[in-house]
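One structure is given here, and the rest of the page talks about it.
No experiment lies behind these values; they were computed from the predicted model shown. Order of appearance sets the numbers: ligands from 1, and atoms from 1 within every ligand.
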Amino acid sequence: MRVAVLVSGAGSNLQALLDAVRSDPDFGAEVVGVIADNPDAGGLRKAEAAGVDTLVVRWEEYASREDFTGAIVAGAKVFRADALILAGFMRVLSREAVSTYPILNIHPALCPAFPGARAVEEALAYGVKTTGVTVHFVDEFVDHGPIIAQEAVDVEPDDTAQSLHERIRKVEHRLYPEVIRAFAKGRLRLDGRVVHWRADD
Ligand code: GRF
């Protein structure tokens, strides 16, 4: 499976995926392109270092979400991608993307709790004792689509948003490649919004 990864920031999840693909000849997916919404995304440098093609689609240059999404989809087509992987991509794509590609996202909270860009800060401020990681299919709503996998991360009494997010990222770096591998191997089946896993061969 050919996947394009969309990033806005540091790209540590992209790096974890690149490492997982490189170390497993039977991974079943390759990263054929990385698309960022801004030229400063650290993920672009990680892609370049790995020899992966990159594309910047600047959010500010488009009049509407639909036009921006159209440019992302056009880029993914140039990469001949079969699926899109959101890895810290901070823009919401319009319906065209969702109807053109299967799209996966990773969110640093246990959905449906704390959707949006400040999930770690909001979980901490709310006082939850356990938060975590969700990997889900993307639909047209934010952090909402069918849940593929979740893993809990306990909040420690002296946590800051940064220390908590660091522990969450550690889980993400293991969980996201596992899910993408299963997805690439056709092990995920959707039934309404329930995702069923088929055992590995
Ligand atoms: C991750 O915590 C992810 O869950 C969220 O954005 C963060 C991206 O981190 N959507 P990185 O750019 O992969 O380091």
So which heavy atom in the protein is nearest [atom], and how far is it from that ligand atom?
atom                    : result
atom 10 (N) of ligand 1 : Ile106 O, 3.1 Å
atom 8 (C) of ligand 1  : Gly88 CA, 3.5 Å
atom 9 (O) of ligand 1  : Arg169 NH2, 3.1 Å
atom 12 (O) of ligand 1 : Gly11 N, 2.8 Å
atom 2 (O) of ligand 1  : His165 NE2, 2.7 Å
atom 14 (O) of ligand 1 : Ser12 OG, 2.5 Å

Are any side-chain N or O atoms of [X] and backbone N or O atoms of [Y], one a donor and one an acceptor, separated by less than 3.5 Å?
X      : Y      : result
Arg187 : Arg198 : yes
Ser163 : Asp159 : no
Asp53  : Gly33  : no
Ser94  : Thr69  : no

Item to check | Close N or O approach (Asn13, ligand 1; < 3.5 Å) | outcome: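 Yes: some nitrogen or oxygen of Asn13 is under 3.5 Å from one in ligand 1.
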
Checklist entry - Hey, which atoms in ligand 1 end up nearer than 4.0 Å to a heavy atom of Glu172? => result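 What qualifies from ligand 1 is 1 (C), 2 (O), 3 (C), 4 (O).
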
Next on the checklist: Using heavy-atom distances only, which candidate in Pro108, Ala41, Ala87 approaches atom 5 (C) of ligand 1 most closely?
Outcome noted: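 Checking each option, the heavy atom nearest atom 5 (C) of ligand 1 is found in Pro108.
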
Item to check | Point-to-point distance, once rounded to the nearest 0.5 Å, from CD1 of Ile72 to CG of Leu6 | outcome: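 If we round to the nearest 0.5 Å, Ile72:CD1 and Leu6:CG are 5.0 Å apart.
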
Checklist entry - Phe68 vs Phe89 aromatic rings, parallel, tilted or perpendicular, using cut-offs 30° and 60°? => result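 Rings of Phe68 and Phe89: parallel, as their planes differ by under 30°.
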
Checklist entry - Quick one: are Val120 and Gln162 in side-chain contact, heavy atoms under 4.5 Å? => result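 Result no, sub-4.5 Å side-chain heavy-atom pair not found.
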
